[in-house]
Amino acid sequence: MNLEKYFKPEVLRAQGYHLTKRAATIKLDQNENPFGFPDFLKEKFWQRAAQLDWERYPDFQMERLTERIAEYVQLPPQNVLVGSGSNSLIQALLMVALAPGDRFIVPEPTFTLYGLFGKMLGAEVVSCRLHAEDFSLPMNEMLAACDSPRAKLLVLCTPNNPTSNSFPLGQLRELLHAFPGLVVIDEAYQEFSSQDAKPLLRKFENLIILRTFSKALALAGLRVGYMMAAPEICDEVRKARLPYSVNLFSETAVMVALDEIAYLKEQVREIMTQRESLLPALRRFASLRVYPSDANFILVRARNGAALFQHLLRDGILVRDVSSYPGLENCLRISVGTKEQNQRLLESMSVFEKVIH
Ligand SMILES: Cc1ncc(COP(=O)(O)O)c(C=O)c1O
């Protein structure tokens, strides 16, 4: 088929966002909450779900859900926009902010969707490579890239996926000051982090923060994310958000989760405790370089990443091979699991080290 006839060249050039489906008993590849959504909360959810008007459309602007999330983050509802996963808000935001030829600054490596959508929209995606040693921001290069009337959007995922480090608040402030356009701080993993960009909202009108219920709050399957920004910014992005994009069940599950947030926060603390014991345990393996983590996943560089990935998979442990990202040769990204899962990972790792020595 002559696809050039039907599609934009930017789309035909794009690789798409792929994830190979693999079965494994221990799933440490998508940075999900390993404890799952608690059974007692699922019970509450079922009870409420039975009362819903399934035949009716959800609330048009999702006001109830927006108000509840706004209360949770202690902002007025006008500063919050909810969507079907933060992915859908990324798409809506890029759609309204980027025209062909606009400059979009994206540190590399980072969450793939930003560069992918930016290019498909015809923007000039300026990739700024993180410093090889510690994945810190190349501030001089980024500040130079900001200096253009076409610089419309800059994104910073912090903690960054897949490198797992956070970028210091001081640097975020410096970029917010210098950048003439909108700055997106994607805090998908904020709950696991020592940092919080939310106080910056008071100072910078060009700041947009994205968060999600998919990671810490154990609702990846139900697809709910939210944006925090000035009301005027939320209003513009809302124009590109699909109507009714959060369904009644997802809305209800989020309400239930927020009613019992203390319980879920306890799970988050346990995941952080597990991270703190997994990091030094992984560092004992001579064949691994283990990077610091401020998230619920750990980036490691192996001598032979592909061999380690296959070894773990044969042992029923699925991690993410991120070796094709720029600068991440032989790297694997490992989500922090339960104590038992992490123990199995370490045992499997021990066997691998014995084999390669
Ligand atoms: C940095 C970052 N942003 C956004 C997302 C998308 O999350 P959601 O499930 O809310 O669409 C992810 C998911 O992996 C992520 O790592």
Side-chain angles (χ1 to χ4, degrees), residues 16-20 27-34 36-37 62 65 69 72-73 80-95 104-118 130 135 137 153-167 172 183-193 195-197 208-229 237 240-242 245-247 250-251 253-254 257 264 271 293-299 318-322 325 328 331-336:
Y17 183 58
H18 291 296
L19 184 62
T20 311
K27 194 173 172 307
L28 303 177
D29 66 327
Q30 284 189 291
N31 306 336
E32 296 145 332
N33 179 324
F37 201 60
M62 295 171 273
L65 181 62
I69 292 175
Y72 168 56
V73 295
V80 174
L81 191 69
V82 300
S84 170
S86 43
N87 281 342
S88 75
L89 293 169
I90 294 170
Q91 187 186 34
L93 167 65
L94 267 54
M95 198 198 263
F104 179 21
I105 301 174
V106 184
E108 282 292 352
T110 197
F111 186 49
T112 328
L113 225 49
Y114 288 101
L116 175 69
F117 283 173
L130 298 175
F135 303 120
L137 291 171
L153 200 61
L154 179 157
V155 64
L156 298 155
C157 297
T158 182
N160 187 40
N161 176 13
T163 58
S164 73
N165 57 315
S166 288
F167 304 125
L172 305 187
V183 176
V184 184
I185 297 188
D186 182 333
E187 288 192 322
Y189 303 96
Q190 191 280 324
E191 292 87 344
F192 304 104
S193 164
Q195 254 183 214
D196 180 352
I208 294 172
I209 297 178
L210 286 174
R211 292 199 186 158
T212 179
F213 283 86
S214 297
K215 309 294 181 182
L217 303 179
L219 287 174
L222 297 191
R223 318 298 305 122
V224 184
Y226 57 101
M227 165 184 288
M228 299 181 279
V237 179
R241 182 187 63 173
L242 286 176
S245 57
V246 179
N247 71 55
S250 302
E251 173 183 330
V254 167
L264 291 165
I271 295 167
S293 170
D294 199 30
N296 64 334
F297 56 91
I298 296 172
L299 184 76
L318 180 60
V319 299
R320 181 68 73 89
D321 180 352
V322 289
Y325 283 73
L328 298 190
C331 283
L332 302 179
R333 192 192 69 191
I334 307 173
S335 310
V336 176

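Indexing begins at 1, ligand by ligand and atom by atom, following the structure's order.
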Let me confirm one number: the CZ-OG distance from Arg223 to Ser245, rounded to the nearest 0.5 Å. 11.0 Å
What distance do Glu32 atom CD and Leu217 atom CG have between them, rounded to the nearest 0.5 Å? 13.5 Å
Under a 4.0 Å heavy-atom cut-off, which residues neighbour ligand 1? Gly85, Ser86, Asn87, Phe111, Cys157, Asn161, Asp186, Ala188, Tyr189, Thr212, Ser214, Lys215, Arg223
Between Asn31 and Arg320, does any side-chain donor sit less than 3.5 Å from a side-chain acceptor? no
Will you find, in the side chains of Asn160 and Tyr189, an N or O donor that is under 3.5 Å from an N or O acceptor? no
What residues form a salt bridge (charged side-chain N to carboxylate O under 4.0 Å, His left out) with Glu251, not counting sequence neighbours? Arg64
Between Arg333 and Phe297, is NZ or CZ placed under 6.0 angstrom from the six-membered ring centre and within 45° of the ring axis? yes
